[in-house]
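One structure is given here, and the rest of the page talks about it.
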Amino acid sequence: MCGIIGVVGTTEVASGLYDGLTVLQHRGQDAAGIATVDGARLRLHKGNGLVRDVFNQHAMNRLRGRIGIGHCRYPTAGSEGAEEAQPFYVNSPYGIAFAHNGNLVNTEALRKEMFEDDRRHINTDSDSEVLLNVLAHELQIQERMALTPDHIFKAVAAVHARARGGYACIALLLGYGLLAFRDPNGIRPLVLGERVTGEGHEYAVASESVALDVLGFKRLRDVAPGEAVFITDDGKLHTRHCADGATHAPCIFEYVYLARPDSMIENVSVYKARLRMGQKLAEKILRERPDHGIDAVIPIPDTARTAASALAEALGVPFREGFVKNRYVGRTFIMPGQGDRVKSVRRKLNPVELEFRKKNVLLVDDSIVRGTTSRQIIQMARDAGARQVYFASAAPPVRYPNVYGIDMPSAGELVAAGKTEAEVQQMLGADWLIYQDLKDLVWAVQDGNESLKQFDASCFDGEYITGLDRHYLEQIEMLRSDDAKAARRTA
């Protein structure tokens with residue numbers, strides 16, 4: 001889960017890229033970077049930390065140019081060091097800067113091909129660098145003297161033929177323009193926007209439409225699965241479908257947690273989808289416990305607030321803000337180790353005791369992953385005087401790792417993996433635990449766009465749309481466990 005943005009403008013774009021990254025910051029708080037084209041030179045600045053910390057005035061002044069890309073990183077397995085900050089750059093052919101959101105499931109095979117067949121060296125553990133070098137190689141074998149949009153689209157088609165996984169990518173081709181493309185299944189999101197100024201047409205591509213909104217771009221449409229968008233230096237837009245026949249299956253977890261509620265993804269309002277999640281959850285509660293006895297519905301800030309408000313309205317129960325959030329602590333989902341997550345929860349949330357005292361409260365969260373945070377929050381509610389603490393998840397049980405760019409933990413660290421809902425309820429210490437049904441989650445998103453027939457819901461159902469190599473999940477298990485991460489940080 002990273003944030004990417006690219007702009008081809010008629011004036012300097014660095015400040016716009018910076019603003020766009022700040023509203024995509026929720027997609028990655030680990031590192032940030034911007035690359036711009038200044039005549040024949042690439043200007044690049046990147047580093048670990050939040051966008052506001054990576055870029056100072058001196059760095060912004062150096063990022064000159066009318067074309068640029070930006071990235072904010074959330075590290076998946078094997079991409080945790082400072083050297084993996086993006087955009088990446090290779091100088092052959094032409095000079096290419098590259099930013100990527102997602103994850104490949106055949107990285108090791110491609111890395112081997114790169115070395116043995118393409119004679120390219122990969123310097124980091126990041127699959128983004130692998131993907132960049134695949135693109136660079138495929139561009140290099142095209143016509144070198146006069147690279148045309150047709151050559152570029154042929155190169156992207158070759159990338160799709162070699163790469164497997166979920167990916168949305170943006171690249172600067174020095175002397176030519178900006179290229180963006182999306183995986184054939186459309187797992188990771190990418191949206192195209194346009195802005196008309198007195199100087200002409202400007203275009204932008206980004207992970208979420210909210211980045212276009214803040215810059216004043218009109219959202220044109222989502223980049224289609226397998227489609228490539230190429231915008232020349234002089235602002236001409238070219239598009240082509242470069243992969244056909246794959247099942248369109250956008251990631252449903254974007255709507256549950258990852259995306260901002262004010263974004264539109266696949267022509268579905270994330271906010272409206274979350275309202276429908278709350279409504280469906282209320283229907284399930286009324287079926288299973290018509291005499292539920294809930295005195296107040298309390299969201300876990302912030303991503304559960306929308307679903308919780310709809311749930312409370314459907315139940316006819318007061319909606320209350322029972323937790324005050326410290327907004328200067330990062331998302332616990334992204335914390336690198338279990339110890340950090342445990343310590344951060346009480347720094348992050350503080351209960352309003354009057355909203356809990358002698359009440360039966362229903363706490364609502366967007367999902368339950370490890371369960372560590374949920375368990376602590378339930379105990380906080382009890383300590384604040386709640387009589388009964390019920391817990392609702394707007395998503396189904398997370399039982400399987402996500403392999404398409406969300407660094408969910410190894411299966412052994414998922415609280416619901418291999419357990420019944422009753423067993424999870426006992427582990428969390430709730431008086432009652434209720435999960436969203438998968439069919440209701442699918443309906444909540446699909447109701448906004450009936451042309452969406454299928455989703456990547458692999459973390460819920462274990463069905464991986466791209467297929468997986470036999471030992472891939474074992475590799476993920478070894479890379480993603482907290483013990484493995486701690487060992488890498490120590491090394």
Side-chain angles (χ1 to χ4, degrees), residues 1-4 27-28 71 73-81 83-88 90 96 98-118 120-139 155-171 179-190 207 223 225-228 242-243 246-247 249-251 253-254 400-408 410 456 458-459 463-480:
M1 183 182 77
C2 299
I4 58 175
R27 301 187 67 86
H71 184 273
R73 186 186 72 180
Y74 152 110
T76 49
S79 299
E80 298 156 26
E83 67 273 14
E84 276 91 13
Q86 297 185 41
F88 283 122
V90 291
I96 306 171
F98 185 84
H100 163 228
N101 171 36
N103 189 58
L104 300 181
V105 298
N106 64 334
T107 302
E108 292 311 310
L110 284 175
R111 190 186 301 273
K112 189 168 185 260
E113 286 178 19
M114 285 284 100
F115 181 75
E116 294 179 356
D117 300 334
D118 301 343
R120 283 184 170 269
H121 174 70
I122 308 300
N123 199 49
T124 71
D125 293 327
S126 172
D127 62 341
S128 302
E129 190 190 9
V130 173
L131 198 50
L132 164 59
N133 277 273
V134 173
L135 174 64
H137 173 77
E138 297 301 336
L139 284 168
V156 173
V159 171
H160 288 321
R162 297 178 69 175
R164 281 197 296 122
Y167 50 91
C169 308
I170 303 179
L179 170 67
F181 57 94
R182 192 176 175 204
D183 69 81
N185 298 109
I187 297 172
R188 298 265 64 88
L190 194 63
S207 295
V223 176
E227 183 184 21
C242 299
T247 300
C251 175
F253 209 72
E254 290 279 353
Y400 307 93
N402 182 289
V403 301
Y404 299 124
I406 308 171
D407 194 24
M408 285 182 176
S410 61
D456 168 57
S458 52
C459 58
E463 296 180 8
Y464 297 98
I465 193 72
T466 64
L468 296 180
D469 295 334
R470 193 160 53 93
H471 299 298
Y472 185 77
L473 288 179
E474 294 174 11
Q475 288 180 294
I476 290 293
E477 185 84 15
M478 289 187 293
L479 284 169
R480 290 189 177 178

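Keep in mind that this is a model prediction, so the values were computed, not measured.
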State whether the side chain of [X] and the backbone N or O of [Y] hold a donor-acceptor pair below 3.5 Å, judged by distance alone.
X	Y	result
Y404	D456	no
H71	H100	yes
D118	H137	no
D183	G166	no
N106	R162	yes
S207	I4	yes
R111	V130	no
T124	S126	yes

* Asked: With sequence neighbours excluded, what pairs up with D117 under the side-chain contact (heavy atoms from CB on, under 4.5 Å) test?
  -> E113
Smallest separation among heavy atoms of [X] and [Y], with atom names:
X	Y	result
A163	L110	CA-CD1, 4.1 Å
L179	A228	CD1-CB, 4.3 Å
S128	Q86	OG-NE2, 2.9 Å

* Describe, in one word, how the ring planes of F181 and H160 are oriented to each other, choosing from parallel (under 30°), tilted (30 to 60°) and perpendicular (over 60°). =>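 Rings of F181 and H160: perpendicular, over 60°.
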* Which distance, rounded to the nearest 0.5 Å, do you find between the CD1 of I122 and the CG of L132? -> 8.0 Å
* Atom pair CG/CZ of N185 and R164 - distance to nearest 0.5 Å ->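 N185 atom CG to R164 atom CZ measures 11.0 Å (nearest 0.5 Å).
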* For a side chain to side chain contact (heavy atoms under 4.5 Å, CB included) with Y464, tell me which candidate from V105, L473, N402 qualifies. =>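 Testing each of V105, L473, N402 against Y464, the sole residue satisfying side chain to side chain contact (heavy atoms under 4.5 Å, CB included) is L473.
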* Only one of V223, V156, N101 clears side chain to side chain contact (heavy atoms under 4.5 Å, CB included) with R182; which? ->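 Output: one option passes, namely V223.
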